[in-house]
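Start at 1 and go down the list; that is how both ligands and their atoms are numbered. Both backbone and side-chain heavy atoms feed into the values below; hydrogens, waters and symmetry mates do not.
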Amino acid sequence: MPLALYDTWSRTVRPFTPLQPDHVGLYCCGPTVYDHAHIGNLRTYVFEDVLRRALTLNGYHVRHVVNITDVGHLTSDADEGEDKMEKGSRRTGQSAWDIAERYTAAFIADWHALNLLEPTLWCRATDHIAEQITFITALEANGYTYRTTDGVYFDTSKQDDYGFLARLDRDGLQAGKRVALGEKRSITDFALWKFSPADSTRQMEWDSPWGRGFPGWHIECSAMSAKYLGPWFDIHCGGEDHIAVHHSNEIAQTQACHGTRLANFWMHGHFLMLDAAKMSKSSGDFLRIQTLVERGFDPLAYRYLCLTAHYRSTLRFTQEALEGAQVALDRLRKTYASWPLGGAVDEDFVARFDAEVNQDLNLPRALAVLWELVKSDLPVETRRATVDRFDTVLGLNLAGWQADSFDIPADVAVLVAEREKARADRNWVEADRLRDALQAMGWQVQDSADGQRLSPNDKG
Ligand code: AMP
Ligand code: ZN
């Protein structure tokens, strides 16, 4: 069965055909690095990772670009409030630049703990100020901008179909507006460039044709996706909260500059909810991967939990659900590790599994096929080879798991994952530092051709 995906633009599941044979351009909106990522954010990246693996399964070469928002994301979507980075700086006493550095590194560690595939390219907003200024200059030349005393704004009244992605009721919005518009002409207009306050210096600010200041949040994604994937590429992803504002504004900008809606498919992951409320970083009280690790869970148990819900349904997080996922993962690992190598895959099971994956990433059903296989009476080496094949999409790293790792505390497992990344990057200084850190925690690592082997110090 060929791959079919749900496209938010058309509100349909439709067959996926790449714009260029065999190649797929995939852009995923990345984190705003003013604080740790919460497990809700990470659910969206797990969905995107599964999408990427499914594309690879279908034989495509994926160019996967993820941005890092390290400037311009204000505390209010209405272009008011503080820059989240400068606010993070006040909260911690560190500079905005140090905050960005620190939380980018923390995010990438979470990324690896969840066994997410390394993107082809990470790109930071602050490394692409010139591209954003060039983009805004083109919007200005095309007549889509106006200035106010605090910045340069996009004039959404110039586009009849502004907000189509969100099926936005513009007239209703404008009529029911509760927030003061200030100098904005319409409630949906948004900042492209904001001026630094006249009476103070920002930590992050740049010169521009319009004055000293910083870019609005949305322009970075239009500018960087065009630079790295071209102005018309295959798939753009993010969480469902991005549909109404961030992605609608990306589309408005790119339409006005390049005449495209960026991507052929727009895909959105639905939210992880905690106690019926959306989990938000700005509430200051949220669950991180590290929190789960401190409670004794393996990060990959959280990944497993994400796979049990379709990406287009809300997932309510509970401790019990995570415990269930940890039990299921442990059982799968133990059973799998007891089976010998050397079998060939079972083609019928592979076809059934792939059909579920290709039906808009139906991972809950794909997991059901996995368990049916595990419990089948096929030869155990056939089951093992087939599970290996499934794991290219599930990403549970079953082959990398060691039987004795049941006793490895999760905080040790996180360091081992970080060290794996350091080794892959040939960052030997970091790899040695992590080896010493593990040693101090009572664990030895030995490097071999097929990876790291971990053992408690007393076992040598
Ligand atoms: P941010 O760091 O706030 O820019 O968000 C990073 C990503 O996480 C974006 O794709 C958001 O849409 C997504 N996101 C935010 N909150 C949640 C949530 N509770 N569940 C799932 N995804 C989320
Ligand atoms: Zn974006």
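A donor-acceptor contact shorter than 3.5 Å is absent between the side chain of N142 and the backbone of Y144. Panel note: side chain N249, backbone H218; no donor-acceptor pair is recorded below 3.5 Å.
Heavy atoms of T69 stay at 4.0 angstrom or farther from ligand 1. Ligand 1 is never approached by C237 to a heavy-atom distance shorter than 4.0 Å. Every heavy atom of H246 sits 4.0 Å or more from the atoms of ligand 1.
Set against the non-hydrogen atoms of F271, the atoms of ligand 1 under 4.0 Å away are 14 (N), 15 (C), 16 (N), 17 (C), 18 (C), 19 (N), 20 (N), 21 (C), 22 (N), 23 (C). Within ligand 1, the atoms closer than 4.0 Å to a non-hydrogen atom of P31 are 2 (O), numbered from 1 in the order shown. For ligand 1 and T44, the ligand atoms under 4.0 Å from any heavy atom of the residue are 10 (O), 13 (C), 21 (C), 22 (N), 23 (C).
For L272, a nitrogen or oxygen atom sits less than 3.5 Å from a nitrogen or oxygen atom of ligand 1, counting backbone and side chain alike. Among the atoms of H270, none of the N or O lies under 3.5 angstrom from an N or O of ligand 1.
Here N67 contributes atom CG and S225 contributes atom OG; the two are 9.0 Å apart, rounded to the nearest 0.5 Å. Rounding to the nearest 0.5 Å gives a distance of 3.5 Å between NE2 of H73 and CH2 of W217. Separating the CG atom in N115 from the CG atom in D49 is a distance of 7.0 Å, to the nearest 0.5 Å.
A salt bridge does not link R43 with E48: every distance from a Lys NZ or Arg NE/NH1/NH2 to an Asp or Glu carboxylate oxygen is 4.0 Å or more. With respect to D298 and R303, no salt bridge is recorded, no charged nitrogen being found less than 4.0 Å from a carboxylate O. Using a cutoff of 4.0 Å between basic side-chain nitrogens and carboxylate oxygens, R288 and D110 are not scored as salt-bridged.
Excluding waters, the protein N/O/S atoms found under 2.8 Å from the Zn ion (ligand 2) are C29 SG, C221 SG, H246 NE2, E250 OE2.
For the residue pair Q132 / W193, no side-chain donor-acceptor distance below 3.5 Å is found, with atom types taken as modelled.
Only the side chain of D241 comes within 4.0 Å of ligand 1, judged by heavy-atom distances. Within the 4.0 Å heavy-atom criterion, neither part of M273 lies near ligand 1.
Distances from atom 7 (C) of ligand 1 to the heavy atoms of Y34, Y45, Y103 put Y45 nearest. When the heavy atoms of H242, R43, E240 are ranked by distance to atom 9 (C) of ligand 1, first place goes to H242.
Annotation for A301 and L329: closest pair N-CD2, 3.6 Å, computed over non-hydrogen atoms.
Considering only residues two or more places apart in sequence or on other chains, E418 meets the salt bridge (charged side-chain N to carboxylate O under 4.0 Å, His left out) condition with none of them.
Here H36 and Y103 bring their ring centres to under 6.0 angstrom of each other.
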